[in-house]
K.L.:
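To start, I am sharing the structure in question, which I have written as structure tokens.
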Amino acid sequence: ELVSHGISHELMDKVEKLTKEHYRKCMEQRFKEMVASKGLEAVNSEIEDLDWESTFFLRHLPFSNISQVPDLDEDYREAMKEFAVELEKLAEQLLDLLCENLGLEKGYLKKAFYGSKGPNFGTKVSNYPPCPKPDLVKGLRAHTDAGGVILLFQDDKV
């Protein structure tokens, strides 16, 4: 858990509020339709090949896709751009702390993750709607989070 990380509570609250509004306005109905189209409300046996999440991805680096993502309000786009700037600074600070603790020169890990076109950096925005049969749906399939640094902005109700 990161505390005193430098990202303002106001910005974090704004991102959380706008994310929840976006889900309710643009994604909730689509998720319900997907569940209905697959007949998932009527399943009687365990489902192992389904992620019970509603998600979209914002790429920040090397090139941003924020202006191309459909249905995002301008306030949300701007908040996510601002949030991405703060997250990038935080990730770089964490990489430098890891370098310090591992006895590596400052910036070593940043260079290691840089890649041929620069760093890859994005935000996966996920919502986990209530599941009508949680004993039959695992939530998420087994997976790994591929990347140098994964920062999770967890809902305060989880």
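Numbers here are sequence positions counted from 1.
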K.L.:
Listed by chain and number, what are the side-chain contact (heavy atoms from CB on, under 4.5 Å) partners of Ser116, not counting sequence neighbours?
P.N.:
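Once residues adjacent in sequence are excluded, Ser116 has no partner under the side-chain contact (heavy atoms from CB on, under 4.5 Å) criterion.
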K.L.:
Please round to the nearest 0.5 Å and tell me the distance separating atom CD of Gln154 and atom CD of Glu16.
P.N.:
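If we round to the nearest 0.5 Å, Gln154:CD and Glu16:CD are 10.5 Å apart.
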K.L.:
Show every salt bridge (charged side-chain N to carboxylate O under 4.0 Å, His left out) that has at least one partner inside residues 117-128, sequence neighbours left out.
P.N.:
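Listed once each, the pairs are Glu53-Lys124.
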K.L.:
Out of curiosity, does Val85 fall in the hydrophobic cluster containing Val15 (side-chain heavy atoms, cut-off under 4.5 Å, transitive links)?
P.N.:
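No, Val15 and Val85 fall in different hydrophobic clusters.
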K.L.:
Just so I know, are the side chains of Met12 and His5 near enough to count as touching, which here means a heavy-atom distance under 4.5 Å?
P.N.:
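Yes, side chains in contact.
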K.L.:
If you take all heavy atoms of Pro129 and Ser54, which pair is closest and at what distance?
P.N.:
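Taking every non-hydrogen atom into account, CD-N, 4.4 Å.
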K.L.:
Arg59: which residues meet the salt bridge (Lys or Arg N to Asp or Glu O under 4.0 Å) condition with it, sequence neighbours left out?
P.N.:
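Salt bridge (Lys or Arg N to Asp or Glu O under 4.0 Å) check on Arg59 returns nothing, list empty.
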K.L.:
Taking Thr123 for its side chain and Leu58 for its backbone only, find out whether a donor-acceptor pair lies under 3.5 Å.
P.N.:
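No: the side chain of Thr123 does not pair with the backbone of Leu58.
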K.L.:
Below 3.5 Å, can you tabulate the donor-acceptor pairs from side chains in residues 88-100 to any protein atom, sequence neighbours excluded?
P.N.:
residue : atom : partner : partner atom : Å
Lys89   : NZ   : Glu86   : OE2          : 3.2
Glu92   : OE2  : Lys110  : NZ           : 3.1
Asp96   : OD1  : Gly107  : N            : 3.1

K.L.:
When you check the gap from the basic side-chain N to the acidic O, do Asp73 and Lys25 get nearer than 4.0 Å?
P.N.:
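Answer for the salt bridge query: yes.
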K.L.:
As an exercise, state the distance from NE2 of His22 to CD of Glu28, rounded to the nearest 0.5 Å.
P.N.:
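Answer for the NE2-CD pair, His22 versus Glu28, is 12.0 Å.
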K.L.:
Please list, one pair per line, the donor and acceptor atoms closer than 3.5 Å that link side chains of residues 76-84 to other protein atoms, with sequence neighbours excluded.
P.N.:
residue : atom : partner : partner atom : Å
Tyr76   : OH   : Thr19   : OG1          : 2.8
Arg77   : NE   : Leu72   : O            : 3.4
Arg77   : NH1  : Ile66   : O            : 2.3
Arg77   : NH1  : Val69   : O            : 3.2
Arg77   : NH2  : Val69   : O            : 3.1
Arg77   : NH2  : Leu72   : O            : 3.2
Glu78   : OE2  : Lys81   : NZ           : 3.4

K.L.:
Under 4.5 Å between side-chain heavy atoms, hopping through other hydrophobics if needed: is there a path connecting Tyr23 to Phe153?
P.N.:
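Yes: a chain of side-chain contacts under 4.5 Å links Tyr23 to Phe153.
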K.L.:
Heavy-atom count check: over 12 atoms from other residues, nucleotides or ligands less than 6.0 Å from Tyr108 OH?
P.N.:
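12 or below, so no.
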K.L.:
Any chain of hydrophobic side-chain contacts (each under 4.5 Å) joining Leu151 to Leu109?
P.N.:
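Yes; Leu109 is reachable from Leu151 via cluster members.
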K.L.:
Closer than 4.0 angstrom, basic N to acidic O: yes or no for Arg30 and Asp71?
P.N.:
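Counted as a salt bridge, because a side-chain N and a carboxylate O are separated by less than 4.0 Å.
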K.L.:
Closer than 3.5 angstrom, by distance alone: can the side chain of Trp52 be matched with the main-chain N or O of Tyr128 as a donor-acceptor pair?
P.N.:
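Such a contact is absent between Trp52 side chain and Tyr128 backbone.
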K.L.:
Salt bridge (Lys or Arg N to Asp or Glu O under 4.0 Å) with Glu105: which residues, sequence neighbours excluded?
P.N.:
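Partners of Glu105 by the salt bridge (Lys or Arg N to Asp or Glu O under 4.0 Å) criterion, ordered by chain and then number, come out as Lys111.
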K.L.:
Relative to each other, are the rings of Phe121 and His60 parallel, tilted or perpendicular (30° and 60° limits)?
P.N.:
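Phe121 and His60: tilted rings.
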K.L.:
Do you reckon Leu2 sits in the same ILVMFWY cluster as Ile7, going by side-chain contacts under 4.5 Å, direct or chained?
P.N.:
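Per the 4.5 Å side-chain linkage, Leu2 and Ile7 are co-clustered.
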K.L.:
Please assess Val125 against Thr55 for the test side-chain contact (heavy atoms from CB on, under 4.5 Å), listing each intermediate value before the final yes or no.
P.N.:
CA-CA 5 Å; Val125 182; Thr55 186; 5.6 Å; no
K.L.:
Within a reach of under 6.0 Å around NZ of Lys106, are more than 12 heavy atoms found that belong to other residues, nucleotides or ligands?
P.N.:
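At most 12 heavy atoms, drawn from other residues, nucleotides or ligands, come within 6.0 Å of this atom.
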K.L.:
Check whether any side-chain heavy atom of Pro119 sits under 4.5 Å from a side-chain heavy atom of Phe113, and report yes or no.
P.N.:
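Sidechains of Phe113 and Pro119: no contact.
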K.L.:
Should Leu11 and Asp13 count as side-chain neighbours, where that means a heavy-atom distance under 4.5 Å?
P.N.:
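No; the side chains remain at least 4.5 Å from each other.
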K.L.:
Tell me whether Lys14 is salt-bridged to Glu10, with the criterion being a basic N under 4.0 Å from an acidic carboxylate O.
P.N.:
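So Lys14 does not pair with Glu10 through a salt bridge.
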